[in-house]
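Each remark here refers to the structure printed beneath this line.
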Amino acid sequence: MKDIGKPGKVQRMKRKGLGGIVCACLLALSCWGCAGDEKNQAEELRVGVLLYNQDDLFIGALKQEIDGCFRETEKREGCRITVSYFDSMGNQITQNEQIDTFIEQGYDVLCVNLVVRTDAAAIVDKGKKADVPLVFFNREPVSADLERWEKIYYVGTDAEEGGRKQGEIFLDYCRARKSADKNGDGVIQYVLLEGEPGHQDSAIRTESCIKSIEEGGVELERLAVANANWRRSQGKEKMAGWLDEFGSGIEAVISNNDAMALGALDALAESDLAELSPVVIGLDGIEEARAAVRDGRMAGTVVNDARGQAEAIVALATELGKDEIPDIPDMKDRIIRVPHKTVTQ
Ligand code: GAL
């Protein structure tokens, strides 16, 4: 991988932003998959990847998978792919400037994990002007922005499915263990940790999780809800406050992701209610959460398939880099939604 923003002097597949004639000549000389001498000297694809915040545990895992998939593609296709990353550190203005930098430096394709998912329009317009295709991922642009140009794609998941699978784990767990209803009142009292407000994976996961539990016949009572912005530290802080407020009245913790669920477990471990063992459900399937499922501190998690999403992102970027119209199984309206999987003991 290259240092961010410092691409080497390379021969590229395409040099976007140069005059049309130059661009057309380079394309003709360097089309992906050319045989013979041309292959070694000209085949290079340059991909810029922008992450909303690399400190996010799931995004960190996704970045690793993206890296791995590009390396595998390089070997498989016998080509050279330069991948450079920018961390936008939670600032959309910074990300827009980073997009300008990649475009000025002649990158062929940009993969964008938006900071503010409703703010894609300016980025789309930049890509369109320079004819640099965009693969958005994880933070879904609104459909009006996805329709602004035909060289825009999105890779993510179905948030409704993720929440529903959480609900199924919760139901199975409570049905198998009557003791989950600790006070025996026939209702599970729960606290809810939500991701960022406005993120498609927050409200939708919550709604479908709660709906599937209630439809499955387990009655719920919400004690409290708070946004912990996907963060372990914030999940811990919220849970510590709720333990002070509700004590052993908390029978379950439903979390929109694993990091916040792990934060709730941290707070529990540091409290004098460490033995409480509420039903804790997360989502992402990150390694530490899987370990917590194995040792019984979490009832389960749902895998937000980082590998599957990385494969889709890399396949799209590679085909767009060849100036081909991507033909990827299960893609609909330029959107790929990678299915979730369930992890329980
Ligand atoms: C979600 C994921 C969260 C967080 C968020 C960032 O899909 O479950 O853990 O990474 O994306 O946008």
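Along the sequence shown, residues are numbered consecutively beginning with 1. Read the numbers this way: they start at 1 and go in the same order the structure lists the ligands and their atoms.
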Enumerated ligand 1 atoms positioned under 4.0 Å from heavy atoms of Arg139: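 Near Arg139, the atoms of ligand 1 are 6 (C), 12 (O).
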Ligand-residue contact atoms, ligand 1 with Asn304, heavy atoms, under 4.0 Å: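 Ligand 1 atoms under the 4.0 Å threshold to Asn304: 2 (C), 7 (O), 8 (O).
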OG-CD distance between Ser88 and Gln54, expressed to the nearest 0.5 angstrom: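 CD of Gln54 is found 10.0 Å from OG of Ser88.
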Looking only at side chains, do [X] and [Y] share a donor and an acceptor under 3.5 Å apart?
| X | Y | value |
| --- | --- | --- |
| Asn256 | Thr206 | yes |
| Thr157 | Gln309 | no |
| Asn229 | Gln234 | yes |

Linked, directly or transitively: [X] and [Y] (ILVMFWY side chains, under 4.5 Å):
| X | Y | answer |
| --- | --- | --- |
| Val115 | Trp230 | yes |
| Ile281 | Leu220 | yes |
| Ile169 | Ile210 | yes |

Considering distance alone, does some N or O of [X] sit under 3.5 Å from an N or O of ligand 1?
| X | value |
| --- | --- |
| Asn113 | no |
| Glu196 | no |
| Tyr52 | no |

Suppose we measure from [atom] to each protein heavy atom; which comes out shortest, and what is that distance?
| atom | answer |
| --- | --- |
| atom 7 (O) of ligand 1 | Asp201 OD2, 2.7 Å |
| atom 3 (C) of ligand 1 | Trp230 CE3, 3.5 Å |
| atom 2 (C) of ligand 1 | Asp284 OD1, 3.4 Å |
| atom 11 (O) of ligand 1 | Asn138 ND2, 2.9 Å |
| atom 10 (O) of ligand 1 | Asp56 OD1, 2.8 Å |

Arg205 near ligand 1 by a heavy-atom separation under 4.0 Å: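 It does; at least one heavy atom falls under 4.0 Å.
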Pair Glu72 + Arg307, salt bridge at N-O below 4.0 Å: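 Salt bridge present between Glu72 and Arg307.
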